[in-house]
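Heads up, the thing below is written out as structure tokens.
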Amino acid sequence: MSETSGQRAEQEHRDSDQELVVVANRLPLEYDPETGWRPAPGGLVTAMESVLRDKDATWIGWSGRYEDDRHQDVPPPPTGSGNLHIEEVLLTRAEVAGYYEGLSNGAIWPLYHDAIVTPIYHRTQFDTYRRVNEKFARRVAQSAPPGALVWVHDYQLQLLPRMLRQLRPDLRIGFFLHIPFPPAEIFSQFPWRRQILEGLLGSDLVGFHTKDGAVNFLRLVRKFLALRPGGDRVVVDELSGTRTVRVDAFPIGIRTQDFVELANSPEVQDRAREIRADLGDPKTLMLGVDRLDYTKGIDVRIRAVTELLEDGDLDPTETVFVQVATPSRENVEEYQRIREDVELLVSRANGDIGKLGVTPVHYLHQNMPRTELAAMYVAADVMLVTPFRDGMNLVAKEYVACRVHEDGALVLSEFTGAANQMAEAWLVNPYDIDGMKGAILDAATASPEEAHARMAALRHGVFEHDVERWASDFMRDLEGRRGW
Ligand code: GDG
């Protein structure tokens, strides 16, 4: 199935000879003091690979180097690899603090995730956000060939499409938001809401993970900009005449084949057996894998599992829960707080229900190699994905792709974009701890027949909607080849 969409994607890209410029906060490279610059393992890079494979493309982003590091120990990134040309935007420490850690991660991130943590609005940070968006826009305007396609990614760069259009009206601009786009009741509190909406409408195409995100955006455009969207289109008036912006859902997927190959490899199979053995060959191995972020519901999940073990619904001598929490945004205060909360919950759980030689909750605050992650997916009987809000959630899809024997159970929050496509999971409301306990118990004790039926259906969906389909659907729309 994934091959079909892969072939389709390749054909699509050969059909177009327009050059592509990708703009994202980060470059697809990271610096390692031992080995130098290397490809960054992040999801965006992997997701974009199929689009970048057959096109001449430029990727513009921040490398992680500061402007005042320019002459210091970190060398500049290489400017090209294959047909991908790299352009580094350098930021000052003050810009990173105001634009990235401040407005992006202290205001927009929590606001767009249902304001589960109170967003903090600083006028000086918005000013920095605007200036950094301008810096990126000027860079793209200088580099993009005439008539190029520009694909802008994510919440750090929402003002950029409009700025870029003013500088370069010849470009075709697409924007994709990787996080949820909230409803009016929440978005309206943002002090610079008009600027964000106008910024995004600078695009020809605005993409979200879900229909809800697209509908929320269209309603807000009507409410605050007094425009009258018709269906999935908004007509905007400009000095040069009218222009149509298309708004739609493009649910992201994963590179399914990569995970199937990993899961089938002898190395990963052996490692999965070893992991189970190291954990004392439990009857039920439950797993959570997340960036350590307060949106992911790691705390509520640990509480639910701990209560099930305390109540005796699950046997602590036969059940192990492993939580991988990848370090994330450690300079932002709320992330330090969630780390402390999670670590307290883990140590309390083990203190209360553990015995000598019995540790029911294992917690790893570290970055795993992808093979190790795949081995964990292969080893786990039950996968717990319980965010309070999540744009999509790729972990749920990766687990399903790795279940090559069509067994295992996925417990999934209703408030993830993935839940729209994964109705056969055990869906839970992460705010309802009793409901969550019930679902975890059902998933852990499901008959092999039920687990198999659910997993087979889940796998069908994940293979059907893979990342190549996401990228080719977005590119086809951006190129205007869907006839609009
Ligand atoms: C944003 C949106 C949306 C995690 N730990 C390790 C590791 N990971 C990988 C996972 C997965 C990725 O990181 C996480 O992706 P998610 O989708 O789960 O979440 P976010 O990071 O919040 O991503 C989200 C996504 O953008 C794409 O649009 O789905 O809603 O929030 O691929 O496997 N990878 C490795 N080691 C780890 O320790 N190698």
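Just follow the structure's listing: the first ligand is 1, and inside any ligand the first atom is 1. If you read the sequence from its start, that first residue is 1, and numbering goes on from there.
- Both tests pass for R329 against the ring of W109: distance under 6.0 Å to the centre and angle within 45° of the axis.
- Close contacts of ligand 1 with W109, meaning ligand atoms under 4.0 Å from a residue heavy atom, involve 31 (O).
- If you number the atoms of ligand 1 from 1 as listed, the ones under 4.0 Å from a heavy atom of H209 come out as 3 (C), 28 (O).
- Residue H178 has at least one nitrogen or oxygen atom sitting less than 3.5 Å from a nitrogen or oxygen atom of ligand 1, judged on distance alone.
- One finds no salt bridge joining D341 and R337 here, because no Lys/Arg side-chain nitrogen approaches an Asp/Glu carboxylate oxygen to under 4.0 Å.
- Between G391 and ligand 1, at least one pair of N/O atoms sits closer than 3.5 Å.
- For ligand 1, the polar-atom distance check against L394 finds a nitrogen or oxygen pair separated by under 3.5 Å.
- Remark: R139 engages E87 in a salt bridge, criterion side-chain N to carboxylate O under 4.0 Å.
- Not less than 6.0 angstrom separates the ring centroid of F415 from the ring centroid of F388.
- Classification of D390 and K296 as a salt-bridged pair holds, one side-chain N sitting under 4.0 Å from a carboxylate O.
- Heavy-atom distances between E372 and ligand 1 stay at or above 4.0 Å for every pair.
- Here K397 has no heavy atoms under 4.0 Å from ligand 1, in either its backbone or its side chain.
- Contact atoms of ligand 1 toward E398: 10 (C), 11 (C), 32 (O), 33 (O) (distance under 4.0 Å to a heavy atom of the residue).
- At a 4.0 Å heavy-atom cut-off, ligand 1 touches M392 through backbone and side chain alike.
- Contact annotation: for T326 versus ligand 1, heavy atoms closer than 4.0 Å belong to the side chain alone.
- Distances below 4.0 Å separate heavy atoms of R291 from the following atoms of ligand 1: 20 (P), 21 (O), 22 (O).
- A salt bridge links R339 with E330: the closest approach of a Lys/Arg side-chain nitrogen to an acidic carboxylate oxygen falls below 4.0 angstrom.
- Residues that satisfy the ring pair (Phe, Tyr, Trp, His ring centres under 6.0 Å) test with Y121, not counting sequence neighbours, are F190.
- An N or O contact shorter than 3.5 Å is missing between L373 and ligand 1 by distance.
- Close approach to N367 involves these atoms of ligand 1, each under 4.0 Å from a residue heavy atom: 36 (N), 37 (C), 38 (O).
- By the 3.5 Å distance cut-off applied to N or O atoms, H113 is not counted among the residues near ligand 1.
- Shown here are the side chain to side chain donor-acceptor pair (under 3.5 Å) partners of R273, two or more places apart in sequence or in another chain: D270.
- Other residues, nucleotides and ligands contribute over 12 non-hydrogen atoms within 6.0 Å of the CD atom of E343.
- Between F250 and F208, the gap from one ring centroid to the other reaches at least 6.0 Å.
- In summary, the atoms of ligand 1 found under 4.0 Å from a heavy atom of M368, numbered by their order in the structure, are 35 (C), 36 (N), 37 (C), 38 (O), 39 (N).
- Under the 4.0 angstrom criterion for non-hydrogen atoms, Y399 is not in contact with ligand 1.
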